[in-house]
Amino acid sequence: MTEQLYKPHEIETQVQQYWEHNDSFKAVESPGQEKFYCLCMFPYPSGRLHMGHVRNYTIGDVISRYQRMLGKNVLQPMGWDAFGLPAERAAIKHSLPPADWTRENIVYMREQLRRLGFGYDWSRELTTCDPQYYRWEQWLFGRMLDKGLAYKAKAVVNWDRVDQTVLANEQVIEGRGWRSGATVERREIPQWFLRITDYAEELLQELDQLDWPEPVKIMQRNWIGRSEGVEVAFAVESTDKVLRVYTTRPDTLLGVSYMAVAPEHPLAIEAAACNPKLQAFLADCQRSAVSEAAVETIEKQGMPLGINAIHPVSSEKIPIWVANFVLINYGTGAVMAVPAHDQRDYEFAKAYHLPIKQVIAPAGPEQECHLDECAFVEKGVMVSSGLYDGLTSAEGFNAIATDLEAQGRGVRRVNYRLRDWLVSRQRYWGAPIPVINSSAGEPAPVPDAHLPVVLPEDVSFDGVGSPIKKMPEFFEITDPESGEKWTRETDTFDTFMESSWYYARFCSPDSHGAMLDQRADYWLPVDLYIGGIEHAILHLLYARFYHKVMRDEGLVRGDEPFTRLLTQGMVLKDGAKMSKSKGNTVDPKDLIEKYGADTVRLFVMFAAPPDQALEWSDAGVKGAYRFLRRLWRRVHDHVAAEVAGQQDLNAAGLDKRQKDMRRLLHDTIAKASDDIGRRYTFNTAIAAVMELLNAVGKYEVRGAQDHALNQEVLEAVVLILSPIVPHICHVLWQELGNTTAIVDERWLTADPRARMAESVQIVVQVNGKLRARLKVATDISEDALREVVLLDANVKRFVDGKKIRKLIVVPGKLVNVVV
RNA sequence: GCCCAGGUGGCGGAAUUGGUAGACGCGCUGGCUUCAGGUGCCAGUGGGGGCAACCCCGUGGAGGUUCAAGUCCUCUCCUGGGCACCA
C-alpha cells in the first residue's frame, strides 16, 4: 500500500502551469455580466516581497477567487509603483542606475508573486517608470495647467547644502541630513502645486457615501479640516498695511492681547531687516524642522516685532509678535492671540508676561473656569466685550462677523486645513514635469505632440544633486524655428502622481492614443481596494482628487474611484513591525521553499483578521502545514475507502447521526460564506472548516450513505478552502472524482432544510449566573420551558426558598431566573 | 501637542444585535503508535477549591447602567500607528 504524500512544490508548479496555459485569470470586458474589480495597492519594487505584501495580496486573491466563484467577471491586475527614493539610495550604494536596479527588482518580485499563485491578469501589468505610462500623467498635467489647476509658487523645503538636495522629513535626523550630516535649512524655492483645495468640499462631502472603514474617513475629514470662521483685518499702526488673521472664534475678539505671525511672514521679515536680534531669531526658526509634529512639540518661543496692530473694534494697540509655532502655510500665516481662551496662546502669554483678558464666561455651573491654571476654551457667554456682553458664543460669532463685514474689516470664510498638493520634487528618479522655461524664467507647457518627456535613464549617480540637473543635453532646448533658448524643468513629479491613477490605467493599459478608453467605463470604479492603513490619508486622498480631475476632463464616469476599502494591518514579529532596520524580517521565499505557497497563504489568513496587526509565528506556520497535510490525507483516505454499493446521498432518509453531521456541514457553509463574503474574517471561516474536518475525522463510516455524506462534506471543504489554498484544492477536487477545474466551480449555498434541528440547548441563569444547560425541543412553548427550567436540580438549589421576581426568556437561547 | 487604533489564557486569536468568556490554532503535560522523527492518533490544559456533582474568582484599572456587560456610559493607565518630500 503506497500512501500518497502531500508534496506542495510538485502540485503547486503543476497547478500554476494549468492556470497559465488556460489563461484562467485573463479579464475580458463582458457587458451584461456583473463585474468585480479587486485591486491591491501595487508594490514599490524594493527588491523582494516582504510579509506585508504577501498578506495584502493574499487577502486580495482570496476575495477575487471568492467573487469569481459567485459568478462575477473579476479583474485583478498587478503592477509596479516604480519611481521613488529608495532607488536613488540604492544607486548611490551599488553604483547602479536607478532604472536598472528597479527593473531587476521587478523581474525578481514578479516571479515571487507567480510562485504564490495569485490570480492576476498579467496581460495588464504596468510599470510607472515606463514612459508609455507617465506620458499620460504629463498630458493630464497639461490639462490641469490649461485649467489653472496647476500653478507655480514658492514653498519651504528641508535643504541639505552639502548634498545639494531636498530632504524628506524622514531623512532629517535630529536636524541634520541623513547622509551628509549637514544642518538642515528651511529654504523657500518655487515649486509646482495642484489645486486640490478646489475640490476640498467635494472630497469632504463624498466621504459619507463611501463604504470605507470609519477611522480612515475620520482621518481624511481631519486632514481636510474644514472650519468656519472670520478673516479679520487689523490695521498696522502708522502704516497703510493690513494684518489679516483667520479665527474660528470671533466671539473672543475683544480678548486679543497680542498678534503672532509666522517667521516667514512679510511683517516679520521686514521688521528683522533693521533688527539683528530679530534676524537671529528668524534664522533660528529656519533651522528647526518643518513637520507639524515637530512644530507642536517645540518650546513656544517668540519675539516682539516692535510694531502694533490696531484692534478693529476697541481701537486698542495690540503688539505684534513673531512666534515659532505659527505656520506660514495655514490660514494667513498669522493669528490673533486670545490667551484667556486658547491654551497655546495662554502658555505663550504666561511665558512672556502678556495680558490674559477674559471675555467668555461659563454659560452654566457645569462649566469650570480657572484662568490662573489654564485657558477657558469652551464656548460660553460674552463678558467685557462692550456692546456684545451677554451674547452666547454662537450669537457673538454672528454679531461680530456681521459688524466686521459691514465695516469692511472682516469677512466670513470657510477655511480648510488641506493645503494645495506640492508635486515638484528636486529628485532624479521620477516622471519629468513637462514644462519648459523661457530665458526670462516664464514657464510654458511642453506641447502634447512632444510628450512624453522621457527621463534619461543612463545616468551616473553620486547623490549630490539630481543627475539631470547636470545634463545640458537634457535641459537645454533651442526652438528650431525661432532659435529661442529654453530651459527644461528638471524637477520631477511626486511619486504619488503615478499611484493616483494607475487603478484606472489597468482598465486599458495598452491604450496608446489616450490616457483611458471606454473599457474604463466597464471596470470602474474599483469595487474593493485593499492596502495598508498607512495610506489612509495621502495616497487615498490624492487618488480621489485625481479621479475627480479625470471626471471633469471626461475621462471617467462616477465621482469616486474606490467603492469599498479594506485596510490591512501590519505584520509584526516580537511585537514590532517587521523591518530591515529592526532585523526581524521573515523572507517569504524561505517559507515557500520550506512549506509551499498554500501553507504561507493559509497561515497569513488564519493568524488574524485582515484589518488587525498580525503577529508572526513560525510555529503557527507549521500548524498551517499540518492542517493541509491532514486535509490531504483525509481526502485520500476517503477516496481509497472500499465501500460496498456506491450510492448517491439520500438527504431525506438520513438517521440522526447522519443528520447531525450534515447540519454541521451546512452550518459551516453558511458561516464561511458570511465570514468570507461579508465580514472578511477569514480566520473564523478557516476555524469553522477546521472544526468540520475534525468532526469528519471522527465520523464513523458504516455504510454507503455515510460514504456519500463524506463525499459531500469533503467536496464542500475543498470548495470553501479553494480561494485560500487554491493549489491543493485544485488537486483534491480532481482526486474526489471531478473532471472540472475547481477554479471554474461555483460557491456553495447552505441548504436550510439540512440546518433545521429538532432540539436546541437552552442556557439557564439564576440572577445572571450560569446554572444549567438544558436540551429542549426546538418548538417548545414558553410555558413548558419555564416549567422544565424550574425542575432542574441545580436551578432548584439556587431558587428554593426564595421568591421568583422575574423570569426572562430569550427564545431558543436563554432563561434567566431573577430571585 | 493633535488625531486614530488597540489592551481577553503561556502565545495568535474567538465571542457577529447586551445573553454559555476562551471557538480554532500554537505551545505545554500525560498516554499510545513508530527503529527513528520537524510523524500520526487519544486525553488534558484560565486561576483557586472539591473524590465528585459542582462552587468561587476572572476580559488593563476604578466607578456606573442593566435581570444580564469583554460588549454600553464616565474617568484613568498602558501599547502601537499617523501628522504633508518614505511608499
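Here is how names work: the chains are called A, B, and so on, in the same order as the sequence lines, proteins then strands, and each is numbered from 1.
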[X] [atom1] to [N] [atom2], straight-line distance once rounded to whole Å:
X	N	atom1	atom2	value
A/D674	B/U17	CG	P	11 Å
A/R679	B/U17	CZ	P	8 Å
A/L602	B/C26	CG	P	11 Å
A/L538	B/G81	CG	P	18 Å
A/M219	B/C4	CE	C1'	5 Å
A/L664	B/C24	CG	C1'	13 Å
A/W616	B/G27	CH2	C1'	17 Å
A/N222	B/G82	CG	P	17 Å

Would you mind pulling out the nucleotide paired to [N], Watson-Crick or G-U wobble, both distances under 3.5 Å?
N	value
B/A68	none
B/C83	B/G1
B/C51	none
B/G6	B/C78
B/A43	B/U29
B/C35	none
B/G58	none

Touch check for [X], heavy atoms < 4.0 angstrom, all strands: base, sugar-phosphate only, or nothing?
X	answer
A/Q191	base
A/H535	base
A/Q343	nothing
A/K217	nothing
A/F627	nothing
A/W223	base
A/F606	base
A/P609	sugar-phosphate
A/A576	nothing
A/K769	sugar-phosphate

[N] phosphate, OP1 or OP2: any side-chain N/O from [X] under 4.0 angstrom?
X	N	answer
A/N694	B/G25	yes
A/N683	B/C24	no
A/R425	B/C85	yes
A/T684	B/A14	no

Residue met sooner reading RNA chain B from 5', once A/A687 and A/D494 are mapped to nucleotides:
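In this pair, the answer is A/A687.
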Reading RNA chain B from 5' onward, which residue's closest nucleotide shows up sooner: A/M570 or A/G623?
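The residue closer to the strand's 5' end, by nearest nucleotide, is A/G623.
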Approximate separation, where rounding is to 0.5 Å, of A/L540 CG and A/K217 NZ:
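So the gap between those two atoms works out to 13.0 Å.
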Quick one: which of [options] gets closest to the side chain of [X]?
X	options	value
A/A608	B/G81, B/G13, B/C26	B/G13
A/T495	B/G81, B/A87, B/U20	B/A87
A/R417	B/G12, B/U16, B/A84	B/A84
A/R419	B/G13, B/C85, B/A84	B/A84
A/K671	B/G19, B/U16, B/C85	B/U16

Heavy-atom side-chain contact between A/V815 and A/L774 under 4.5 Å:
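When only atoms from C-beta onward are counted, A/L774 and A/V815 do not touch, as no gap falls below 4.5 Å.
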Apply side-chain contact (heavy atoms from CB on, under 4.5 Å) to the pair A/M51 and A/K573, showing each step before the final yes or no.
CA-CA 11 Å; A/M51 276 303 165; A/K573 197 185 174 196; over 6 Å; no
Are A/F83 and A/Y134, when compared by the centres of their aromatic rings, separated by less than 6.0 Å?
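Distance test on ring centres: under 6.0 Å, yes.
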Is the A/Y502 ring parallel, tilted or perpendicular to the A/H539 ring (thresholds 30°, 60°)?
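If you compare the ring of A/Y502 with that of A/H539, the planes turn out tilted.
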Parallel, tilted or perpendicular: ring planes of A/Y6 versus A/W632, cut at 30 and 60 degrees:
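It falls in the tilted class, 30° to 60°.
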Report, as a single string ordered 5' to 3', how protein heavy atoms within less than 4.0 Å touch nucleotides 65-78 of chain B: B base, S sugar-phosphate only, - not at all.
--BS----------
Per-nucleotide protein contact along nucleotides 38-55 of chain B, 5' to 3', at a 4.0 Å heavy-atom cut-off (B base, S sugar-phosphate only, - neither), is BSSS------------SS
A/Y595, A/W616, A/Y625 screened by ring-ring contact (aromatic ring centres under 6.0 Å, His included) with A/F603, the one that passes:
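Single ring-ring contact (aromatic ring centres under 6.0 Å, His included) partner of A/F603 among A/Y595, A/W616, A/Y625: A/W616.
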Can you sort out the partners of A/Y199 under side-chain hydrogen bond (donor to acceptor under 3.5 Å, both in side chains), two or more places apart, ordered by chain and number?
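In terms of side-chain hydrogen bond (donor to acceptor under 3.5 Å, both in side chains), with neighbours along the sequence ignored, A/Y199 is linked to A/D552.
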Residue that, paired with A/W421, satisfies side-chain contact (heavy atoms from CB on, under 4.5 Å) out of A/L541, A/L538, A/L194:
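Going through the options one by one, the only one that passes is A/L194.
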Using the ring-ring contact (aromatic ring centres under 6.0 Å, His included) rule, take A/F325 and A/F348 through it: C-alpha gap first, then chi angles, then the decisive distance, then the call.
CA-CA 10 Å; A/F325 62 83; A/F348 192 84; 5.4 Å; yes
